[in-house]
Amino acid sequence: MENIYYPSHDGVTTIHACLWLPEGEIKGVVQIIHGMAEYAERYAPFAEYLAENGFAVCADDHLGHGQSVRGADDLGYFNKRRDTNIIIRDIRALQLAVKKQVGNVPSFILGHSMGSFFCRKYISQYGGDFNGAVIMGSGFKSMAILNAALFFVGLDALFCGWRHRSKFIKKLAFGSYNKKFSPARTENDWLSESSENVDKYEADALCGFDFTNNGYSVLFRIIKQACSRETINAVPKNLPVFFVAGANDPVGDYGKGVQKAYDKFIKAGIEEVDITLYENGRHEILNDTCSEKVKEDILAFITAHM
């Protein structure tokens, strides 16, 4: 794995990214957009699997995540303007840098969880650059719910500041996620059927941290943008899209939210949209008991669209 560093479009932060290269010929490149309260290097096993099959893989640590922070206080804080486009532009900078290094090869993009919503926004702007997109651990939320969430975040920030880590907002966003798995062993049981993965996540200081009000504002804004008719209609009609999620993932409303997003893409006239829900899989399907099947299915999708 190679480390890459480049200036963020926030004007103050240095972004850290990872690049995995295959030993031989580079067949293509896969760019990963990671999720909330995690970081790029967590995707190393999957990236190494793709590299063994001839693909270069890159992923950045978003602002407020991983090594793209100036200190622990910045974890879960994106940028002063709460601007989703800054994260989009940082993702774009990595894409262009890696393309310059590996050359003009087939390109794919994969976004997980929060990253899935950034990915959906990203392909509405740059989808013509890719041979296919994998939307993982995603879902669909109504504008009314998202506007209400943004209202409460703004209200909390008014009294407590944008760097405040609100227990109320956290409960609003994630309070119901463990209900299906009661009695839960930890507050993160909803992430994986694999207790080993849950324990690793909980032991990692760069995972599971509480978001600031700033972070939640950006999170809810990017979900709102990704679920908008305007964004979905802007995705290139000839871009193959593959939705993958755990059937027991609360982020995707146990499959119903993923199906709704899939239906919206079909309605928008996107010519090739596929969906797979993994039985018993929860949120982090690349780290769950179904991970081998997930990796194989994603590689098959990529290979079929070279």
Side-chain angles (χ1 to χ4, degrees), residues 9-10 33-38 62-65 76-92 109-127 133 135-158 162 164-166 168-177 210-236 241 243 245 249-268 270 273 283:
H9 287 81
D10 74 348
I33 307 176
H34 74 71
M36 175 185 181
E38 58 158 354
H62 309 316
L63 289 170
H65 293 77
Y77 181 95
F78 283 101
N79 60 79
K80 189 175 181 179
R81 299 200 302 271
R82 305 183 298 283
D83 186 352
T84 60
N85 288 322
I86 289 177
I87 295 91
I88 293 289
R89 292 168 72 189
D90 289 346
I91 294 167
R92 177 70 169 168
I109 191 161
L110 180 153
H112 169 67
S113 191
M114 177 184 75
S116 76
F117 296 103
F118 275 110
C119 186
R120 285 159 62 175
K121 175 68 173 177
Y122 197 79
I123 59 176
S124 77
Q125 296 179 229
Y126 303 110
I135 312 297
M136 177 184 291
S138 201
F140 194 90
K141 298 295 181 185
S142 72
M143 292 299 119
I145 289 174
L146 293 165
N147 285 333
L150 283 165
F151 171 78
F152 284 118
V153 170
L155 189 65
D156 194 274
L158 180 65
W162 287 106
H164 181 241
R165 302 177 192 271
S166 169
F168 169 73
I169 301 298
K170 180 180 179 180
K171 186 175 182 180
L172 182 73
F174 302 107
S176 65
Y177 279 11
D210 291 342
F211 256 32
T212 62
N213 282 327
N214 175 283
Y216 278 118
S217 178
V218 170
L219 173 66
F220 296 143
R221 285 169 192 266
I222 195 59
I223 297 174
K224 185 177 177 179
Q225 291 169 22
C227 293
S228 72
R229 184 181 304 171
E230 179 185 13
T231 295
I232 296 170
N233 285 341
V235 175
V241 177
F243 283 92
D249 182 3
V251 173
D253 197 16
Y254 309 102
K256 290 183 287 186
V258 189
Q259 184 67 49
K260 190 166 186 178
Y262 166 87
D263 291 342
K264 295 286 185 181
F265 273 60
I266 292 290
K267 188 177 180 180
I270 298 166
V273 190
H283 186 53

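At a threshold of 4.5 Å between non-hydrogen side-chain atoms, the residues E38 and H65 do not count as touching. Residues D263 and K267 fail the side-chain proximity criterion, which asks for heavy atoms closer than 4.5 Å. Using a 4.5 Å cut-off on side-chain heavy atoms (C-beta onward), K264 and R120 make no contact. Counting only heavy atoms from C-beta outward, the side chains of I33 and H62 approach each other to under 4.5 Å. Inter-residue side-chain proximity for V251 and Y177 is flagged as met; some heavy-atom pair is nearer than 4.5 Å. Put simply, the side chain of K170 reaches to within 4.5 Å of the side chain of Y216, judged on heavy atoms.
The two residues P250 and Y254 have their closest heavy-atom pair at CB-OH, 3.5 Å. Taking all atoms of both residues into account, the shortest heavy-atom contact from N213 to V153 is O-CG1, 3.3 Å. The two residues A226 and F117 make their nearest non-hydrogen contact at CB-O, 3.5 Å. Across all their heavy atoms, S228 and Q225 have their closest contact at OG-O, 2.8 Å. The minimum heavy-atom distance linking I232 with A268 is given by the pair CG2-CB, 3.7 Å.
Residues meeting the ring-ring contact (aromatic ring centres under 6.0 Å, His included) test with F265, sequence neighbours left out: F243. Considering only residues two or more places apart in sequence or on other chains, Y262 meets the ring-ring contact (aromatic ring centres under 6.0 Å, His included) condition with none of them.
In summary, the aromatic rings of H34 and F118 are positioned with their centroids too far apart to meet the 6.0 Å limit. A distance below 6.0 Å separates the ring centres of F211 and F78.
Looking at N85 and K121, their side chains never bring a donor and an acceptor atom within 3.5 Å of each other.
A 6.0 Å sphere centred on CZ of F152 holds no more than 12 heavy atoms belonging to other residues, nucleotides or ligands.
Judged as a salt bridge (charged side-chain N to carboxylate O under 4.0 Å, His left out), the pairs with a partner in residues 77-87 (not counting sequence neighbours) are, in order, R81-D83.
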Report the C-alpha distance between I135 and V258 in whole Å, list the side-chain angles of each, state the deciding distance to 0.1 Å, and finish with yes or no for side chain to side chain contact (heavy atoms under 4.5 Å, CB included).
CA-CA 9 Å; I135 312 297; V258 189; over 6 Å; no
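Between the side chain of N214 and the main chain of W162, no donor-acceptor pair closer than 3.5 Å is present.
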